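Below is one structure, written out as structure tokens; comments come after it.
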Amino acid sequence: MLKTTYNPKEVEEKIYKKWLPYLKVEKQKGKEYFIALMAPPNVTGSLHMGHALQNILLDILLRYKRMIGYKIVWLPGLDHAGIATQNVVEKELKKEGLTRFDLGREKFIKRVWQWKEKYGGIILEQFKRLGISPDWTRIKFTMDKKYVDWVEKAFIEYYKKGWVYRDYRAINYCPRCRTSLSDLEIEYEQKECYLYYIKYPLKDTKEYLIVATTRPETMLGDSALAVNPNDQRYQKYWGQIAILPIVNRELLIITDQRVNPKFGTGVLKVTPAHSILDYEIGKRHNLEIIKVIDENAKIINVKDFEGLDYLSAREKILNILKEKSLLEKEEKIIHNVPYCYRCHTEIQVIPSQEWFLKMSELAKYAKQAVKKKSVYIFPKRFKKIYFDWLKNIRDWCLSRKIWWGQQLPVWYCKNCENSYVVSRKAPKQKCKKCKKIKWYRTEEVFDTWFSSALWPFAILYTKKEKEWYPADVVFTARDIINLWIARMIFSGIFFMKKPPFKLVYVHPTVLTKEGKRMSKSLGTGIDPLDLIEKYGADALRFGLTWQTTFLQDLRFDETNIENGLKFANKVYNAVRFYLIRYPQMKKRDGFSTQDKKIIKAFNATLKSMKKNIESLRFSEALKKFYKFFWHQFCDIYIESCKEKTNNNPEVLKMVIVNSLKILHPFMPFLTEYLWKEIGCKNLLMLEEWPQEI
RNA sequence: GGGCGGUUAGCUCAGUGGUUAGAGCGCUUCCUUCACAAGGAAGAGACCACAGGUUCAAAUCCUGUACCGCCCACCA
């Protein structure tokens, strides 16, 4: 006899164990495959609301697809998350008073692996509590031997194609993580700061030009001044020489299209070493790259400033300029300051030798795929984010100066600078410069996202698995559309000749009820595991699905989760009613008016749910069921069974049985549990989706 | 600066040209032997952000404004 109240805690763990053996791809009955990609969580991560939403929604679709007869391929995995993981382990070392440099590269990497073995699987265990149904016998990791092989192979293929090159140029650098970063790995934050107007005297005259800058300390590395060629005001200065204050370097006044005449005075100080734009201008005009800020964000190569932190140097420069009356004015402005997306340290732009991937052709592939609809992005307005990025794309800085990651298959000569060989094995050839064979493998590793970009095919290790390309769907958060999705698309087309998936579903971002970002550090995060403890996984699934829309954000409201538990209890008690009353009801042929009404309502619900799930309107599907079950079935039909009735008990039974089936993708634990309680032997998970009754 | 979302009940949201604008939570009143008080019945609560326009008819279409969020840009 069932108790009067449903207690998810007592059933969820046991049920999950029953499912486990049947989650393996081979154990599923379907004929055709339906293939989904899991966004592999960071190995350092812990389950958050975004993971929960994404995987729950995908699980609903996949459980439905399984029931309508597909074999589901959904492979779980972990991303080694280079910088993030390295930071975590470095923090741990710090507690022991050590830095990674005290250990050295090899020992440090060993330490990261130890960390991974100990904590790395936690997030996937947490995923299981959501009740999701991937094949857990196939957990993939971006540092698996076979995966690393693919990463190296990919780099070499691009290199052979001539798209990988090494260059000394201005790049984004995080002084805390001590590595280069791509444009997508920096975040801008609006900050109030000062725009300083500095006078640059012209050579042999008393005239001067005024330059506006927010970063006066970079002037130490100026190698020219530039104005827009269409800017009438400055035409007479073209080709003249200005004198860089403090340093007294001569600066040629050049013209370049990319100078914005509307910013400041319309005169730009060109610092090719410490600004990406200036680097590009510098390259066009063959300007010298003068590095004055180093990897520690300290000044180098300038007398009297050597070793000063960039902020102290700024202060010192401003003081000198004021003394010499070269500071015209300072103006308060709001502007965007770049920060590291991993540790939130202010980014420095510094020149460095890095490896780049030419993006022009790859970007074309990516554009074509979506334009020609071999990949659908849904909702379609998110295509804009994708195309915007591809339109203005810069070459991708692939190398990172950290230690945790896949090492570049690149070998440098011990004797000669800038002599290298791209190869997976130690090269046997002689160095062209010194004619010796003294190669060492670079310590540089790949951008984490370079390896993530290969995910859809690099996880397919065996001959059989290799058939699982391309996938049907991937569910994603909108903030990684470019970081991950776009890069998977062009990588897939380049290496596999086909896009890696057909459909990209962009789900909303989970915010707090007040519309704030959920963040641990701000204390605004809500832990899905706490909600599971409190209400059960099905309630969490119900609540999140209930709230899901096609908008960009979802303001999380716990009352929906609470309501999920109430609904679970309602279903539970309806089943209790059936178990108690069905044996007492009189068998009969034919149907009462109420019978006919509820059959009609069930069939309409079934039809609507199918339509809504297939068009990814999960919330709509769930609401339809909720309304049917609670307000039509419980409030009216079941009530009518209590009165003197000629309802046919088989109708009661059919509605109960089929309702459990169609609710299953949404609330799998509850329904699987009740399925057994009503006497069904097989797993509900493996049942077929019902036809109209 | 350009673009994309959003603004509907106290809260979170549906509603995509056609009767008196809906749901869940919250609120009010009533109802506990007989599946469930995590329940049932009844009810209050919305000039649909603002200003114009198109239409027989507008929350819905168009134009503009305000505020919130996001993306992009040569953010020096």
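Each chain gets a letter, A, B and so on, in the order the sequences are listed, and its residues count up from 1. None of these values were measured; they are calculated from a predicted model.
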Which whole number of Å gives the distance between the [atom1] atom of [N] and that of [M]?
N     : M     : atom1 : result
B:C13 : B:U19 : C1'   : 24 Å
B:C74 : B:A14 : P     : 34 Å
B:C4  : B:A38 : C1'   : 41 Å
B:A9  : B:G53 : C1'   : 29 Å
B:A35 : B:G15 : P     : 38 Å
B:U12 : B:C72 : C1'   : 30 Å
B:U20 : B:C61 : C1'   : 24 Å
B:A41 : B:A58 : C1'   : 36 Å

Report the distance from atom [atom1] of [X] to atom [atom2] of [N], rounded to the nearest whole Å.
X      : N     : atom1 : atom2 : result
A:L554 : B:G6  : CG    : C1'   : 14 Å
A:E514 : B:C13 : CD    : C1'   : 16 Å
A:Y578 : B:C36 : OH    : P     : 18 Å
A:L674 : B:C36 : CG    : C1'   : 13 Å
A:M518 : B:U12 : CE    : P     : 13 Å
A:E620 : B:C13 : CD    : P     : 16 Å
A:N612 : B:G15 : CG    : P     : 11 Å
A:N573 : B:C34 : CG    : P     : 11 Å

So what does [X] hit on the nucleic acid, given a heavy-atom distance under 4.0 Å: a base, only sugar-phosphate, or nothing?
X      : answer
A:Y6   : base
A:E639 : base
A:K513 : sugar-phosphate

All side chain to side chain donor-acceptor pair (under 3.5 Å) counterparts of [X], not counting sequence neighbours:
X      : result
A:K513 : none
A:T255 : none
A:E346 : A:Y310

Notebook entry, point to check: Is there a donor-acceptor contact under 3.5 Å linking the side chains of A:Y339 and A:K191?
Noted result: yes
Scan every strand shown for a Watson-Crick or G-U wobble partner of [N], both distances under 3.5 Å, and answer none if you come up empty.
N     : value
B:C70 : B:G3
B:C30 : B:G40
B:G18 : B:C56
B:G64 : B:C50
B:G10 : B:C25

Check: Looking at A:F618, does the NZ or CZ of A:R541 lie under 6.0 angstrom from its six-membered ring centre and within 45 degrees of the ring axis?
Finding: no
Note to self: Please check if the number of heavy atoms outside A:R517 that lie under 6.0 Å from its CZ is greater than 12.
What the structure shows: no
Next item on the list: May I ask you to check whether over 12 heavy atoms, not counting those of A:K676, lie within 6.0 Å of atom NZ?
Entry: no
Which residues share a salt bridge (charged side-chain N to carboxylate O under 4.0 Å, His left out) with [X], sequence neighbours left out:
X      : answer
A:R581 : none
A:E331 : A:K329
A:D222 : A:K269

Checklist line | Among B:A38, B:C36, B:A14, the one nearest A:T5 by side-chain distance | finding: B:A38
Return the polar atom pairs (N/O with N/O) between nucleotides 21-29 of chain B and the protein under 3.5 Å, or none.
{"unit_1": "B:G24", "atom_1": "O2'", "unit_2": "A:N563", "atom_2": "ND2", "d": "2.8"}

Check: How does protein reach along nucleotides 67-76 of chain B, written 5' to 3' as B (base within reach of a heavy atom under 4.0 Å), S (only sugar-phosphate), or - (no contact)?
Finding: --BSSSSBBB
Please set out all donor-acceptor pairs under 3.5 angstrom arising from side-chain atoms of residues 646-657 of chain A, sequence neighbours excluded.
{"unit_1": "A:N647", "atom_1": "OD1", "unit_2": "A:S592", "atom_2": "OG", "d": "2.7"}
{"unit_1": "A:N647", "atom_1": "OD1", "unit_2": "A:T645", "atom_2": "OG1", "d": "3.1"}
{"unit_1": "A:N647", "atom_1": "ND2", "unit_2": "A:S640", "atom_2": "OG", "d": "2.9"}
{"unit_1": "A:N647", "atom_1": "ND2", "unit_2": "A:T645", "atom_2": "OG1", "d": "3.4"}
{"unit_1": "A:N648", "atom_1": "OD1", "unit_2": "A:E650", "atom_2": "N", "d": "2.9"}
{"unit_1": "A:N648", "atom_1": "ND2", "unit_2": "A:R588", "atom_2": "O", "d": "3.2"}
{"unit_1": "A:N648", "atom_1": "ND2", "unit_2": "A:G590", "atom_2": "O", "d": "3.0"}
{"unit_1": "A:E650", "atom_1": "OE1", "unit_2": "A:Y582", "atom_2": "OH", "d": "3.4"}
{"unit_1": "A:E650", "atom_1": "OE2", "unit_2": "A:Y582", "atom_2": "OH", "d": "2.6"}

Note to self: Using OP1 and OP2 only, check whether a side-chain N or O of A:K383 sits under 4.0 Å from B:G5.
What the structure shows: no
